[in-house]
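Data block below; observations after.
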Amino acid sequence: MDYKETLNLPATDFPMRGNLPQREPEIMQRWTELELDRKLSEPNQEKPNFTLHDGPPYANGNIHIGHALNKILKDIVIKSKRMQGYYAPYVPGWDCHGLPIELKVDQKLGKKKREMTKAEVRRECRTYAKEWVDIQSDEFRRLGIFGDWQHPYLTMTADYEAATARELARFAEREGLYKGRKPIHWCSSCVTALAEAEVEYEDHTSPSIFVKFPYQDELPAGFDELAGKPLSFVIWTTTPWTIPANLAVCLHPELLYVAIDTGAELLVMAEGLHAQVLAELNITDFKIAKTFQADVFDKKECRHPLYDRASLLVLGDYVTLEAGTGCVHTAPGHGHDDYLTGLRYGLEIYNPVDDYGRYREDLEFFGKEKVPAVNPQVSAKLAEVGALLGEDKISHSYPHCWRCKKPIIFRATEQWFISMEANQLRQKALEHINDVQWIPHWGRDRIYNMIENRPDWCISRQRSWGVPITVFYCGKCDEALADGKIMHHVADLFEETGSDIWYEKEAKELLPDGTVCPSCGHDDFRKEMDILDVWFDSGVSHAAVVEKREQLKTPADLYLEGSDQHRGWFHSSLLASVGTRDAAPYRAVLTHGFVLDEKGRPMSKSVGNVIAPEKVIKQYGAEILRLWVATQDYRNDTRVGDAILKQVSEAYRRIRNTARYILGNIHDFDPATQTVADKDLLEIDRWALSRLEELVNRVLKSYDSYDFHVLYHAVHNFCSVDMSAFYLDVLKDRLYTSPTESLERRSAQTAMYRILEALTRMMAPVLSFTAEEIWGFMPGEREESIHLAEFPSFEDSLIDNALEEKYERILAVRSDVAKVLELARAEKIIGHSLDARVELAADGDLADLLKQESAQLASLLIVSQVEVTDSLANATTGENLPELKIRVSKADGEKCSRCWNYATTVGEHDDHPEICHRCLQAIA
RNA sequence: GGGCUAGUAGCUCAGCUGGCUAGAGCACACGACUGAUAAUCGUGAGGUCGAAGGUUCAAGUCCUUCCUGGCCCA
């Protein structure tokens with residue numbers, strides 16, 4: 001007789017292999033049919049609201065693995081919050097304005113662009129951005145990200161642009177907006193400002209000159225020995241044309257300087273550079289008159305070598321000994337450091353160069369001359385007045401225009417700024433930083449230091465694809481009209497048609513009727529043609545999105561982005577919100593690190609180590625990418641590569657197979673009618689549920705603290721160690737051989753059902769596809785999607801510590817026995833563990849435990865017989881438990897052909913000579 | 001150069017306020033099973049906790065310096 005027919009073996013259609021690349025789209029189809037995105041986005045007043053506000057990715061290009069990490073993390077947060085009973089809507093957004101898109105469109109249009117109006121070019125940009133929004137939207141959804149994909153926010157829609165303009169108006173109303181000057185890259189040939197991305201660096205030969213700046217102030221105390229001879233500070237520059245704009249000479253506050261006595265005069269330069277400089281200047285006959293620290297010269301005056309004005313001595317940390325003299329020529333209108341130094345010392349941001357690269361007409365000696373062609377004349381003039389110490393040529397890397405390939409210059413231009421000091425913006429922002437929970441905590445220091453030291457926020461860009469700065473200029477007196485009320489009026493116009501109207505209508509059509517210039521009374525205006533920095537666009541999303549959408553709560557509970565956003569979005573959002581609302585836009589900020597390759601290097605096309613999400617999805621499935629996110633401690637940098645993904649797939653397989661095995665064993669279980677009450681459960685089943693409850697506790701806490709990798713390891717270990725290697729293995733005998741309706745079988749099924757049910761719920765935020773798949777195979781009544789269900793609640797009462805301690809000891813015995821079984825296996829005494837008979841002896845407590853548990857030990861050890869005795873000769877001593885003695889031999893009796901246990905009762909019955917007594921009863 | 005940050009077995013992670021031979025899973029090697037089978041079970045081998053100093057009865061855990069990475073600035 002074939003006794004296999006009498007067994008209850010696992011049976012399920014749940015496939016062992018995930019086949020994720022094919023199956024995931026099918027599951028997504030089901031989600032679409034269930035309208036999950038809509039159901040989960042619908043406003044809900046009954047549940048507490050949890051608002052995670054999405055930081056908008058830039059709408060250009062396919063998503064990369066960093067986007068995937070970011071969105072999956074957000075999705076895990078959203079789903080876990082929802083499963084904890086919150087209403088947690090997710091409104092995805094995109095950053096649509098800005099230079100990269102404008103440049104791409106430029107490229108696409110080519111020469112055609114010259115015949116197009118700004119408004120037409122902007123329409124092209126809009127179309128381009130929308131295309132990428134749609135592509136990225138599909139890519140994100142393919143990752144299993146849930147959200148209101150039908151109603152995302154885009155920074156280029158009319159309502160958003162109107163909101164942006166309003167926030168700018170608010171700054172204007174509070175007098176936080178002002179016009180100032182700042183040096184930017186400028187191409188005099190193209191007559192245009194250039195962004196950093198449009199600048200190419202190439203080798204270029206420049207003049208190299210040393211110039212004396214005569215000291216004209218009183219000597220500091222203790223410098224008497226320098227009196228009597230002319231004293232000069234020596235600077236070095238490769239841009240003689242900026243000398244006319246010089247306003248200062250910068251020294252390092254801590255480096256040592258020397259005064260060199262050449263006989264006729266005294267020259268000051270850094271101590272660490274003097275030998276080199278004097279050699280270049282061919283000065284051989286000198287002595288060091290004095291060595292000193294330069295800070296005593298702070299704010300003393302030199303005289304400009306050409307003009308009748310002072311050049312201030314100032315201090316700056318950025319002065320180095322790499323080149324030059326350690327005394328740095330400073331023209332605040334022509335250099336970045338110079339500019340910042342100028343701001344610190346209250347110097348004019350002076351720029352005598354016009355849009356075409358010509359000196360202003362009134363500049364003495366060089367009026368109307370073109371820079372940098374004027375260089376030789378400047379040198380000659382310096383020589384003429386005796387200020388030129390030396391002249392040479394140098395080849396170095398120099399910025400060039402990417403379009404016309406000509407060298408560019410750095411020159412101060414008129415720009416719009418948000419003041420960090422007006423309304424104490426800086427001070428308030430720093431205070432509000434402390435109201436926010438920064439995760440990890442060091443995010444606080446990071447952003448604090450940045451806000452503390454940053455200059456005023458330059459918000460203007462000389463471009464067209466963006467929100468216009470809604471300011472007018474008087475056509476007569478050129479006074480800027482940055483009036484809050486008028487700016488709100490323009491914002492109202494944007495609300496209807498978008499900001500394109502700025503480019504389509506005349507100033508007077510945009511202004512309220514009867515507007516006149518407050519300073520001259522004139523009524524003819526022109527529009528500002530600069531646009532806003534895109535960081536301002538995204539920085540006001542709290543106003544444009546969170547405050548406006550009824551599903552969202554303000555301030556948002558969480559912003560979650562990469563740690564680069566301390567400088568980016570967290571930063572601009574904080575300033576935009578504090579500047580207009582005196583409050584931070586977020587309660588908590590969570591950051592993740594960057595995705596590196598397997599060796600820890602940043603990914604780049606040139607290195608060829610880029611891992612595209614698309615490829616991972618094709619090869620492994622989006623689920624593996626999601627699980628990968630959960631394996632990593634994302635607060636630090638994370639790594640990804642083939643080996644790591646393979647490892648994640650293996651972990652996935654383990655979890656999937658655990659679920660499959662349980663499904664196979666509960667296929668005939670009806671939870672509504674066959675559940676065994678807690679008090680009637682077998683002991684080991686209660687143990688399993690106790691372990692489960694500890695897992696539930698751990699997992700819920702991990703979701704709460706966003707420690708997803710902790711929960712991943714906990715779940716994986718539970719599946720591998722508690723379930724697969726012990727509980728489910730031990731259960732096999734009972735499940736397969738016990739009568740279908742027996743308490744033994746139903747008790748095991750009750751436990752397994754509850755375990756899988758809880759496990760599935762807990763994994764759903766991470767393994768969103770697989771959890772749904774399992775959910776569909778579970779017996780019993782349930783929500784139509786796992787994503788409409790909630791987490792299991794933690795029941796402290798289900799944890800039985802005494803029981804767990806007992807099983808911990810039994811597991812230690814089991815581990816020691818396994819080692820001895822392995823020895824017996826090596827000696828060919830046994831093959832399968834059921835071939836074995838185990839004798840045990842122990843001292844003290846352990847002896848009591850073994851005797852007490854002797855009846856179920858064979859089952860727990862998965863051997864045919866266990867005998868507990870008081871002492872054992874020729875036995876092996878336990879490694880975990882030195883008080884334990886173990887002896888293994890071939891089991892007594894014959895192997896039962898039904899349950900495969902050895903028993904002396906096999907052969908006792910004439911009708912069923914091949915099976916044991918226990919099986920005989922089971923099939924009776 | 002500055003701000004922030006990381007460095008524990010091949011990989012992913014534990015290791016709380018310093019205290020038992022530094023743990024887990026995976027991968028690897030070897031073996032078992034063939035009633036979880038493109039699965040499952042067992043055993044084993046892997047770490048001078050980035051390096052060097054120091055504090056302490058005691059340091060992966062505290063301090064100093066250095067090395068190698070990452071992000072953001074310059």
Side-chain angles (χ1 to χ4, degrees), chain A residues 3-4 7-12 14 16-17 252 316-322 336-337 340 438 440-450 452-454 562-568 571 591-596 598-602 627-628 630-633 635-641 643-654 656-665 707 709-710 712-721 723-726 728-733 735-737 814-815 817-826 828 830-835 862 898-900:
Chain A
Y3 292 102
K4 192 169 174 177
L7 295 172
N8 282 304
L9 293 177
T12 179
F14 184 84
M16 174 179 287
R17 307 199 59 192
H252 195 285
D317 288 334
Y318 58 89
V319 175
T320 70
L321 297 180
E322 272 165 38
H336 185 79
D337 284 332
L340 293 176
W438 300 92
H441 65 273
W442 48 257
R444 185 241 169 233
D445 292 346
R446 193 169 153 98
I447 194 166
Y448 193 97
N449 289 341
M450 287 174 183
E452 196 173 30
N453 295 311
R454 67 157 298 150
S563 59
D564 55 334
Q565 299 303 329
H566 287 115
R567 175 51 102 178
H571 192 112
T591 55
H592 60 255
F594 275 67
V595 184
L596 308 174
E598 227 143 21
K599 292 175 183 158
R601 299 170 305 183
L627 189 57
W628 164 74
T631 65
Q632 302 274 325
D633 181 357
R635 290 166 172 77
N636 298 328
D637 292 335
T638 58
R639 296 188 181 195
V640 73
I644 290 171
L645 288 169
K646 224 181 130 201
Q647 179 182 343
V648 175
S649 309
E650 289 297 310
Y652 171 78
R653 199 170 47 74
R654 167 41 56 93
R656 185 178 178 91
N657 269 324
T658 303
R660 177 174 183 266
Y661 184 66
I662 293 179
L663 285 174
N665 280 300
D707 287 314
H709 65 287
V710 171
Y712 155 77
H713 281 283
V715 166
H716 188 241
N717 267 23
F718 179 80
C719 287
S720 295
V721 182
M723 291 296 110
S724 198
F726 178 57
L728 296 178
D729 207 20
V730 166
L731 234 47
K732 283 174 187 167
D733 180 75
L735 283 166
Y736 299 171
T737 68
R814 196 173 188 266
S815 155
V817 169
K819 293 184 219 299
V820 184
L821 286 171
E822 196 62 26
L823 294 175
R825 200 168 277 135
K828 308 288 182 198
I830 61 163
H832 196 284
S833 60
L834 281 176
D835 300 343
I862 317 183
R898 182 170 178 272
C899 71
W900 293 352

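Naming convention: chains lettered A, B, ... in sequence-line order (proteins, then strands); numbering from 1 in each chain.
Computed from coordinates, the A:F726 CZ to B:G25 C1' distance equals 19 Å when rounded to whole Å. Counting to the nearest Å, the C1' atom of B:G42 and the NZ atom of A:K819 are 10 Å from each other. One interatomic measurement links the two molecules: CG of A:L663 to P of B:A39, which rounds to 18 Å at whole-angstrom precision. Remark: P of B:G7 and CZ of A:R635 are 14 Å apart, rounded to the nearest angstrom. Between A:W438 atom CH2 and B:U5 atom P the separation is 14 Å, expressed in whole Å. Going from atom NE2 of A:H252 over to atom P of B:G1 covers 12 Å, rounded to whole Å.
Here A:R656 lies out of heavy-atom contact (under 4.0 Å) with every strand. Residue contacts for A:Q632: at a heavy-atom cut-off of 4.0 Å it reaches the sugar-phosphate backbone alone, with no base atom in range. Counting non-hydrogen atoms under 4.0 angstrom, A:V710 reaches nothing in the nucleic acid.
The base of B:A36 is not paired with the side chain of A:R660 by any donor and acceptor separated by under 3.5 Å.
A:H592 is linked by a ring pair (Phe, Tyr, Trp, His ring centres under 6.0 Å) to nothing, counting only residues two or more places apart in sequence or in another chain. Residues satisfying the salt bridge (charged side-chain N to carboxylate O under 4.0 Å, His left out) test with A:R654, not counting sequence neighbours, are none. Scored by the salt bridge (charged side-chain N to carboxylate O under 4.0 Å, His left out) test, A:R635 finds A:D707 as partners (sequence neighbours excluded). Residues satisfying the ring pair (Phe, Tyr, Trp, His ring centres under 6.0 Å) test with A:H832, not counting sequence neighbours, are none. For A:D729, the salt bridge (charged side-chain N to carboxylate O under 4.0 Å, His left out) partners two or more places apart in sequence, or in a different chain, are A:K732. Taking A:R653 as the reference, A:E650 meet the salt bridge (charged side-chain N to carboxylate O under 4.0 Å, His left out) condition, with sequence neighbours excluded. Residues passing the ring pair (Phe, Tyr, Trp, His ring centres under 6.0 Å) test with A:Y661, sequence neighbours excluded: none.
Figure legend. B:G25 is base-paired to B:C11; pairs are counted as Watson-Crick or G-U wobble with both atom distances under 3.5 Å. The base-pairing partner of B:G35, taking Watson-Crick or G-U wobble contacts with both distances under 3.5 Å, does not exist among the strands shown. The partner of B:U48 is absent, by the rule that a Watson-Crick or G-U pair needs both atom distances under 3.5 Å.
In this structure, A:Y736 reaches the B:A36 phosphate: one of its side-chain N or O atoms is under 4.0 Å from OP1 or OP2. Proximity of A:S724 to the phosphate of B:C41: a side-chain N or O atom is located under 4.0 Å from OP1 or OP2. For A:H709, a side-chain nitrogen or oxygen approaches OP1 or OP2 of B:A14 to under 4.0 Å. Look at A:R654 and you'll find a side-chain N or O under 4.0 angstrom from OP1 or OP2 of B:U40.
The shortest distance between side-chain heavy atoms of A:I662 and A:L728 falls below 4.5 Å. The shortest distance between side-chain heavy atoms of A:Q565 and A:T591 does not fall below 4.5 Å. Within the 4.5 Å cutoff, no side-chain heavy atoms of A:I862 are placed close to those of A:D733.
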**OP:** Quick one, give me the B/S/- string for nucleotides 68-74 of chain B, reading 5' to 3', where B means a protein heavy atom under 4.0 Å from the base and S means that only happens at the primed atoms, P, OP1 or OP2.
**Re:** -SSBSSS
Original post:
What string of B, S and - do you get for nucleotides 27-33 of chain B, 5' to 3', when a contact is any protein heavy atom under 4.0 Å?
Top reply: S----SS
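Inspection of the A:R656 and A:Y652 side chains reveals an N or O donor paired with an N or O acceptor under 3.5 Å.
Taking the C1' atom of each, B:G44 and B:C26 are spaced 16 Å apart, rounded to whole Å. Taking atom P in both B:U65 and B:C20, one finds a spacing of 29 Å when rounded to whole Å.
Nearest nucleotide to the side chain of A:H713, out of B:A36, B:A24, B:A14: B:A24. Side chain of A:D729, nearest nucleotide from B:G25, B:U40, B:U5: B:U40.
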